[in-house]
Amino acid sequence: MKEISGNSFVLYGDICYSETKDKLFTKEGGYLVSVDGVSMGVFDELPEEYRSLPLIDYGGKLIIPGMVDMHIHAPQFAYRGTDMDLELMDWLSEKTFPEEAKYRDTDYADRAYSIFADAMRRGATTHAAIFATKHKEATELLMDKLEAVGIVSYVGKVNMDREAPPELCEASAEASARETVEWLEAIKGKYKLTKPILTPRFIPCCSKKLLDRLGEIQIEYDLPVQSHLSENQGEVEFVRRLAPKSAFYGDAYDYHGLFGTEHTRGKAVNTIMAHCVYSTEEEMQRMKENGVFVAHCPASNINLSSGIAPIRKYLDLGLRMGLGSDVAGGHTDSMFEAICDAVQVSKLYWRLVDQSAKPLSFAEAFYLATRGGGEFFGRVGGFDAGYELSAVVLDDGLIERPMALSIKDRVESAAYCALDLYGISAKYVRGVRIA
Ligand code: GUN
Ligand code: FE
């Protein structure tokens, strides 16, 4: 048994987490034991050895795992919910790139990232994979703020050396690589919760030479990778022209060892690809072989009119997968919204596109937002013994009703009624209360 230290406690309340991808575990009046940031499991009655621990009584409230946002752009939080009439490539050039250019100014970045970090503290998200901008100073500032807030995150300084306006485009592949190495050296050993992730923006913005250098940096620093993949039809067509020798979009990353597997040693590279709306069969197979994670971002797919990712197919194939808010393609950082959007778009896909693609159940979408994405971070997203103790306590009594509901129904209603915006009583990350 693990020795019990000072940072150990018991949470009491109505507990819910995903046991498997379509099965919710629920326990009314359960005890969730946290020893040094690690769950010892959920109990009907508190075992003898934990009876001396402080007990925090959330009786009548819901206790669920923290949400895992697999894909969010911190600099875009500032303009969330604006200019939602554009499609991806125009939205990038008319809105996103001019906004991101502002992060050269560290005073502006300081203001914007303070607001973002505070939102990450207050919401239900406990783990996130985050894009910054190309600017290494602002990216470090963002990492400082996230570390202070206490969520677990991967943060990427973005790489982009072509197809962007001069104020945002990096001068050359070599300059982009050099800045990346300088950023990595500057933050080395600096944080406990906040880690770097290699972040080529997407193939249109990254020359072959840059991807080559990033492949080398990945090996040298043993970094995870995040990027965008097959999001929009115009984008996919553009990639076909830019990388004619690639068998498919993802192959252009894979050639450089940036798609789940290092080529030289065959070593796994923890990799997230956001969107995957238009992935071909070949691309899906490669993602499966290489263990690439799909970040499904339904709000963004709707707002940018990108399309609907074939999520049922990915689940059936056994792809690793989670959900992303993709702010500001997505208009909100609420992962409860992402859960409901994922269910809703899957229903439209089933009704309008493919009648054999069964819609997602609530349990499946909840799984994706917790355990599914949590796998990228380790033993995250559940309360099984040995999992990280990251939890959100919800006061769903704020959703008034005349009758009693099952815990499953209460959690579903909390998601649909956006309780993460106004009903979070407490949030714990690795056994530390941060909100
Ligand atoms: N593809 C390249 N950059 C971006 C971005 O910032 N947002 C989204 N949704 N897709 C992208
Ligand atoms: Fe994105």
Side-chain angles (χ1 to χ4, degrees), residues 69-103 112 116 128-135 139 154-165 168-170 176 197-207 210-211 225-239 242-243 249-250 252-253 258 271-279 293-309 322-333 335 338 341 345 373:
D69 190 339
M70 289 208 93
H71 184 71
I72 180 164
H73 297 259
Q76 300 177 13
F77 192 65
Y79 64 90
R80 62 196 179 283
T82 71
D83 279 300
M84 303 263 70
D85 304 323
L86 298 165
E87 283 190 52
L88 176 67
M89 299 309 268
D90 290 339
W91 176 77
L92 287 174
S93 58
E94 289 174 34
K95 186 73 187 179
T96 301
F97 291 162
E99 284 287 342
E100 288 194 9
K102 294 179 185 171
Y103 290 75
F116 175 76
I130 302 174
F131 278 56
T133 61
K134 71 158 189 175
H135 312 91
T139 303
Y154 284 107
V155 177
K157 172 221 161 314
V158 172
N159 296 99
M160 44 195 298
D161 72 337
R162 67 177 182 188
E163 298 295 336
L168 198 59
C169 201
E170 299 182 285
S176 179
I197 181 166
L198 211 53
T199 306
R201 180 166 213 126
F202 67 160
I203 294 296
C205 279
C206 298
S207 67
L210 173 55
L211 295 171
V225 173
Q226 61 179 353
S227 194
H228 297 92
L229 182 69
S230 301
E231 175 176 3
N232 161 292
Q233 283 167 311
E235 172 216 16
V236 171
E237 185 48 44
F238 192 31
V239 169
L242 288 169
Y249 192 154
Y253 294 113
L258 300 169
T271 299
I272 301 172
M273 286 289 152
H275 302 300
C276 308
V277 176
Y278 295 102
S279 294
F293 281 82
V294 174
H296 175 41
C297 305
S300 173
N301 295 167
I302 300 167
N303 291 329
L304 299 176
S305 308
S306 298
I308 307 175
L323 298 183
S325 66
D326 193 27
V327 161
H331 51 281
T332 171
D333 60 306
M335 289 301 294
D341 290 344
V345 299

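Remember, it's 1-based here, ligands and their atoms both numbered in the order they're listed.
Of the possible donor and acceptor atoms, none in the side chain of Arg80 sits under 3.5 Å from a partner among the backbone N and O of His331.
His228 contributes atom NE2 as its closest N/O/S atom to the Fe ion (ligand 2). In terms of distance to the Fe ion (ligand 2), the nearest N, O or S atom of His71 is named NE2.
A heavy-atom separation below 4.0 Å is found between Trp91 and ligand 1.
Which parts of ligand 1 touch Glu231 is read off a 4.0 Å heavy-atom cut-off, strictly below it: atoms 1 (N), 8 (C), 9 (N), 10 (N), 11 (C). For ligand 1, the atoms sitting less than 4.0 Å from at least one non-hydrogen atom of Leu88 are 8 (C), 10 (N), 11 (C), numbered in the order shown with element in parentheses. Remark: ligand 1 atoms within the under-4.0 Å shell around heavy atoms of Phe202 are 1 (N), 2 (C). Taking every non-hydrogen atom of Asp326 and a distance limit under 4.0 Å, the qualifying atoms of ligand 1 come out as 8 (C), 9 (N). Counting atoms of ligand 1 from 1 in the listed order, those under 4.0 Å from a heavy atom of His275 are 9 (N).
Residue side and main chain included, Cys297 places no N/O/S atom under 2.8 Å of the Fe ion (ligand 2). At a cut-off of 2.8 Å, His275 does not coordinate the Fe ion (ligand 2) through any N, O or S atom. When distances to the Fe ion (ligand 2) are checked against a cut-off of 2.8 Å, Asp326 contributes an N, O or S atom below that limit.
Only side-chain heavy atoms of Gln76 come within less than 4.0 Å of ligand 1; its backbone N, CA, C and O stay farther off.
For Glu100, no nitrogen or oxygen atom sits less than 3.5 Å from a nitrogen or oxygen atom of ligand 1, counting backbone and side chain alike.
Separation of atoms CG (Leu242) and CZ (Phe202) is listed at 9.5 Å; rounding is to 0.5 Å. Put simply, OG1 on Thr133 and CD on Glu99 are 12.0 Å apart, with the number rounded to the nearest 0.5 Å. Here His71 contributes atom NE2 and Ser325 contributes atom OG; the two are 8.0 Å apart, rounded to the nearest 0.5 Å. The OH atom of Tyr278 lies 9.0 Å from the CD1 atom of Ile308; values are rounded to the nearest 0.5 Å.
With respect to Lys157 and Glu170, a salt bridge is recorded, a charged nitrogen being found less than 4.0 Å from a carboxylate O.
Counting heavy atoms from C-beta outward, Cys169 and Met160 have side chains that stay 4.5 Å or more apart.
No option in Leu304, Leu92, Asn232 other than Asn232 meets the side chain to side chain contact (heavy atoms under 4.5 Å, CB included) test with Glu87. The only option from Glu100, Gln226, Glu163, His228 that meets the side-chain hydrogen bond (donor to acceptor under 3.5 Å, both in side chains) definition with Arg201 turns out to be Glu100.
Among all non-hydrogen protein atoms, the one lying nearest atom 3 (N) of ligand 1 is Arg201 NE, 2.9 Å.
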